[in-house]
2 protein chains.
Amino acid sequence: MTARYAGIAGELREAIMRGDYDVGAQLPSEAELAVRFAASRGTVRQAVAVLAAEGLVGSRQGARRIVLGRERSQSFAELHSFAQWARSTGHRVTGLVLEQRRRAADVTEATRLALQPGDAVLRVLRVRSLEGEPVLLERTVYAGWIAPAVESLPADCESVTQALYESVGLVFAYGEHLIDAVAAGTEDARLLSVRRGSPLLRQRRVTTTPEGRPVEWSDDRYRAGSVTFSIRNSVDANPLVRQVGDLRPSS
Amino acid sequence: MTARYAGIAGELREAIMRGDYDVGAQLPSEAELAVRFAASRGTVRQAVAVLAAEGLVGSRQGARRIVLGRERSQSFAELHSFAQWARSTGHRVTGLVLEQRRRAADVTEATRLALQPGDAVLRVLRVRSLEGEPVLLERTVYAGWIAPAVESLPADCESVTQALYESVGLVFAYGEHLIDAVAAGTEDARLLSVRRGSPLLRQRRVTTTPEGRPVEWSDDRYRAGSVTFSIRNSVDANPLVRQVGDLRPSS
DNA sequence: GGGCCTAGCTTGTTTGAACAAGTTCGCCTA
DNA sequence: TAGGCGAACTTGTTCAAACAAGCTAGGCCC
């Protein structure tokens with residue numbers, strides 16, 4: 001069994017998504033839930049805190065909690081891994097490595113991956129397709145210490161995240177993402193079957209292990225209209241930040 | 001004074017941002033912090049939970065907490081309000097209403113704002129500039145009940161969010177955001193001074209009051225390169241979600 | 001020297017209790 | 001009837017204690 005509060009959160013989440021509570025309706029009070037689940041108030045609070053973080057419920061001191069929506073945010077794994085996300089939504093996903101080679105890290109890459117300039121890194125160019133249509137172009141730089149594991153993957157590996165976990169036990173735990181829009185370059189256009197200059201949604205990200213060690217730096221470009229990022233937030237919890245452009249050269 | 005845990009979180013945050021702890025370094029243990037701040041372990045845990053949600057520190061059961069970075073996520077207000085965000089980063093921001101008129105809500109708008117089709121709504125077209133350069137085009141639909149307050153604002157109102165708070169005490173508490181890339185239409189191109197078809201970063205959002213009542217539905221388009229969205233997340237906390245495109249017609 | 005194992009440290013989970021602070025709603029008064 | 005008041009309810013904050021579970025480092029054995 002998982003933690004108690006996680007179980008309670010799960011039951012409440014299902015009840016909300018099932019429609020037991022309408023959007024805008026009130027949730028039972030903490031005291032009531034504590035009795036129903038035979039848990040202390042603290043544990044119940046932890047459970048509803050999970051739902052609040054997912055954006056499902058909101059709360060104000062003094063008033064009952066309110067149901068804000070029915071769609072749950074997906075897990076970190078689903079956010080990080082294109083394959084896991086696509087699969088969880090029932091889409092058929094494929095991938096293909098077009099290029100892969102080791103190089104010495106330049107200053108930018110070294111900084112981002114917490115390496116010394118000149119240390120070995122592995123650059124990979126990958127196309128991902130949804131239902132056979134190419135929708136995503138990934139230009140990834142892996143830190144040298146993980147390169148062997150990445151190179152040993154098949155070129156059409158579906159989920160790199162999962163493969164790395166299974167082969168070397170690597171876990172991605174933290175990520176920082178920068179999202180903006182860019183025009184498709186010549187190569188982008190050719191590989192994604194769009195016209196040059198057409199809009200792409202760009203997501204640049206650094207991912208690190210649970211110990212805080214950077215593993216990869218990636219520039220992912222989505223064909224416009226194929227994928228949308230969705231964010232739920234509240235006065236309490238909010239992870240999204242705007243930044244003025246041109247802070248960093250684009251790789 | 002604010003809550004105890006908030007104060008502790010603040011001190012720790014400052015220490016991290018000041019560089020007392022290097023990125024990758026360990027934070028003192030909960031027990032140690034409890035002694036130092038003369039608080040119970042529970043309160044200390046609440047404080048570090050705040051930092052974890054901000055993406056500043058990470059934690060693993062059994063091991064000391066690790067400093068992950070030095071940049072803090074901004075507040076919800078800064079995320080929601082373009083003006084407040086820009087001001088907090090030291091930019092000069094201006095705004096101008098180009099069009100404003102009441103209409104009956106169509107089915108889409110009514111659904112998103114939890115109204116009945118035919119109820120009155122207020123549509124506003126606004127341009128926002130950074131340092132005099134137009135960077136953002138806002139097409140906003142306000143629910144009828146807030147329309148009078150919006151109409152009474154000056155056309156060059158800098159911060160609508162703040163103005164509405166001051167005039168009628170309206171507070172924005174929750175938001176749902178959809179982010180993708182689109183090509184600039186004829187009107188977009190003219191008003192943002194870009195070529196037609198050039199890439200724009202689009203953010204569609206619904207914002208609601210603390211009671212869960214939708215206030216506005218907006219389609220914001222940023223000129224490419226002017227603004228970047230940044231997200232920090234971890235296995236525990238993650239608010240960002242991908243969605244397959246074409247789920248909803250674009251306004 | 002190399003590998004295993006355990007003791008102690010550190011974070012995760014849960015309970016129970018108490019008070020603070022904000023909301024709601026009915027009642028009472030002017 | 002309109003407004004104000006207050007009691008009951010509900011969430012927010014804090015404390016203290018105990019056990020579970022994962023991690024680390026040092027010592028021990030081969």
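None of the values given here were measured: they were computed from a predicted structure. Chain A is the first sequence line, chain B the second, and so forth, proteins listed ahead of strands; every chain is numbered from 1.
In this structure, OH of A:Y5 is placed 11 Å from C1' of C:dT14, rounded to the nearest angstrom. Taking atom CD of A:Q26 as the reference point, atom P of D:dC9 lies 15 Å away to the nearest angstrom. Note: CZ (B:R4) to C1' (C:dC19) measures 15 Å, nearest angstrom. The nearest whole Å value for the distance from the CZ atom in A:R45 to the C1' atom in D:dT13 is 8 Å. Atom CG in B:L33 sits about 14 Å away from atom P in D:dC15, given to the nearest Å. Between A:F37 atom CZ and C:dT13 atom C1' the separation is 17 Å, expressed in whole Å. The CD-C1' distance, from B:E30 to D:dA17, rounds to 15 Å in whole Å.
Nearer the 5' end of DNA chain D, as judged by each residue's closest nucleotide, is the contact made by B:Q46, out of A:E211 and B:Q46. Mapped onto DNA chain C by nearest heavy atom, B:E32 and A:R41 fall at different nucleotides, with B:E32 at the one closer to the 5' end. Map A:G62 and A:A39 each onto its nearest nucleotide of DNA chain C; the residue landing nearer the 5' end is A:A39.
Annotation: A:Y165, atom OH; neighbour count of heavy atoms from other residues, nucleotides and ligands within 6.0 Å does not exceed 12.
A salt bridge between B:E30 and B:R45 is present, with a side-chain N of the basic residue lying under 4.0 Å from a carboxylate O of the acidic one. Salt bridge present: B:E211 and A:R60 bring a charged side-chain N and a carboxylate O closer than 4.0 Å.
For A:T43, no side-chain nitrogen or oxygen approaches OP1 or OP2 of C:dT13 to under 4.0 Å. Contact annotation: A:S29 does not reach the phosphate of D:dC9 (side-chain N/O to OP1 or OP2, under 4.0 Å). Side-chain N/O atoms of B:R65 include one lying less than 4.0 angstrom from OP1 or OP2 on C:dG12. In this model, the phosphate group of C:dG12 is approached by a side-chain N or O of B:S59 to a distance below 4.0 Å at OP1 or OP2.
With hydrogens and angles ignored, no donor-acceptor pair closer than 3.5 Å exists between the side chain of B:R60 and the base of C:dG12.
Counted by atom type alone, A:R41 and A:Q46 present zero donor-acceptor pairs between their side chains at under 3.5 Å. Side chains of B:E216 and B:T140: a donor-acceptor N/O pair is absent below 3.5 angstrom, by distance only.
Looking at the side chain of B:Q61, the nearest of the listed nucleotides D:dG22, D:dC15, C:dT15 is D:dG22.
Contacts of A:A31 with the nucleic acid, taken as non-hydrogen atoms under 4.0 Å apart, are absent.
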